[in-house]
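From a predicted model like this one, the values you see are computed outputs, not experimental measurements. Hydrogens, waters and symmetry mates play no part in the numbers below; they use all other heavy atoms, side chains included. For ligands, and for the atoms within them, numbers begin at 1 and follow the listed sequence.
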Amino acid sequence: MKMQVCLVLVLVVTLAVVNAQVPHWGSCPEPSTQPNFNFKQFMGRWFEITKLPAQFEKGRCIETNFTLKFDGTARVVGSEILNGKVKRIEGTAVVEDQKNPAKLGISFSYVLPYTPYWILSTDYVNSAVVYSCTDILRIFHVDFAWILGRSRSLPAATVDRAKEIFIKNNIDVSWMITSKQEGCEKHLENLDAGAYL
Ligand SMILES: *[C@@H]1O[C@H](CO)[C@@H](O)[C@H](O)[C@H]1NC(C)=O
């Protein structure tokens, strides 16, 4: 039995490291979220401005497009440019707790459970502060944090204010990295042109 627990732990830690996530001891923090969150107003296109954890540079021009569906959930399309190609993944976002509609869950596959996607703060039109944390056996947790923008860049003061929100909620964002959002439109134009050849 002990052996099995050890194996699970090793596996989880390995997965966390492979994904370049930073595991932290203890269970997840419980940050405050956006009061009276309006799911509909959150729909549309969001660009990734900065993120946690600091991981290897993978794709660039990362964005997420939320579209409301008739059943009240949202279609989520994440896209990035990786090795010169546009990669897309599609999933579903739901309000998991009607009492706290800012606590969304996102799943990119029918077989996977919903991953927390908590809107700590947003003004819907400029920026959003998003946090995701998963407890592992209540021994440690792995987390993700994003600052999103309605445009590909945000004023430094806006990014600083967003970081303050994480810090206030005991979320360590010292390893946040800026996402690359340069030369995206040009690249996408070229791709569109290519589609007609
Ligand atoms: C976002 O998704 C909607 C619905 O699928 C689509 O009509 C729209 O063009 C998308 N926007 C972008 C920028 O990809």
Side-chain angles (χ1 to χ4, degrees), residues 19 33-34 36-53 55-98 100-132 144-159 161-163 165 176-197:
N19 284 321
T33 51
Q34 173 76 29
N36 304 315
F37 177 69
N38 186 319
F39 192 47
K40 275 186 200 148
Q41 277 184 276
F42 192 75
M43 297 297 106
R45 203 175 181 191
W46 287 103
F47 299 99
E48 188 185 273
I49 306 298
T50 61
K51 74 167 148 217
L52 185 76
Q55 56 190 156
F56 288 112
E57 181 66 18
K58 284 191 190 152
R60 46 190 203 89
C61 307
I62 297 175
E63 60 173 272
T64 312
N65 183 8
F66 293 84
T67 316
L68 200 65
K69 295 203 284 194
F70 291 114
D71 64 1
T73 66
R75 177 176 179 243
V76 184
V77 178
S79 63
E80 62 175 357
I81 295 174
L82 186 62
N83 303 324
K85 292 204 180 81
V86 178
K87 301 256 183 220
R88 287 196 174 80
I89 50 166
E90 201 183 312
T92 303
V94 297
V95 172
E96 288 208 292
D97 177 0
Q98 290 300 335
N100 191 346
K103 290 191 172 177
L104 307 181
I106 291 192
S107 173
F108 286 102
S109 152
Y110 291 112
V111 296
L112 292 176
Y114 283 92
T115 307
Y117 193 88
W118 293 357
I119 316 302
L120 302 194
S121 174
T122 185
D123 62 358
Y124 306 97
V125 292
N126 292 302
S127 64
V129 179
V130 182
Y131 185 62
S132 177
F144 291 96
W146 299 269
I147 298 168
L148 307 179
R150 287 296 196 187
S151 51
R152 289 193 191 273
S153 72
L154 287 177
T158 306
V159 174
R161 271 199 305 275
K163 283 188 180 166
I165 291 169
M176 265 194 144
I177 52 163
T178 304
S179 306
K180 290 216 168 73
Q181 293 283 4
E182 298 97 33
C184 300
E185 303 297 351
K186 185 168 172 286
H187 190 99
L188 292 171
E189 272 166 32
N190 289 343
L191 283 174
D192 285 346
Y196 296 108
L197 292 178

Sorted by chain and number, the residues that approach ligand 1 to under 4.0 Å with a heavy atom:
Arg45, Asn65, Thr67, Arg75
Taking atom NZ of Lys69 as the centre, does the number of heavy atoms from other residues, nucleotides or ligands within less than 6.0 Å exceed 12?
yes
Validation row: Ser79, Lys87 side chains within 4.5 angstrom (heavy atoms):
no
What I'd like to find out is whether the side chain of Phe108 reaches to under 4.5 Å of the side chain of Thr115, using heavy atoms alone.
no
Compute whether any side-chain donor of one residue and acceptor of the other, for Asp123 and Asn126, lie under 3.5 angstrom apart.
yes
Evaluate the ring pair (Phe, Tyr, Trp, His ring centres under 6.0 Å) criterion for residues Tyr117 and Trp146: first the C-alpha distance (whole Å), next the side-chain angles of each, then the deciding distance (0.1 Å), finally the verdict.
CA-CA 10 Å; Tyr117 193 88; Trp146 299 269; 5.5 Å; yes
Determine yes or no for a side-chain-to-main-chain donor-acceptor pair under 3.5 angstrom, with Arg60 supplying the side chain and Glu182 the backbone.
yes
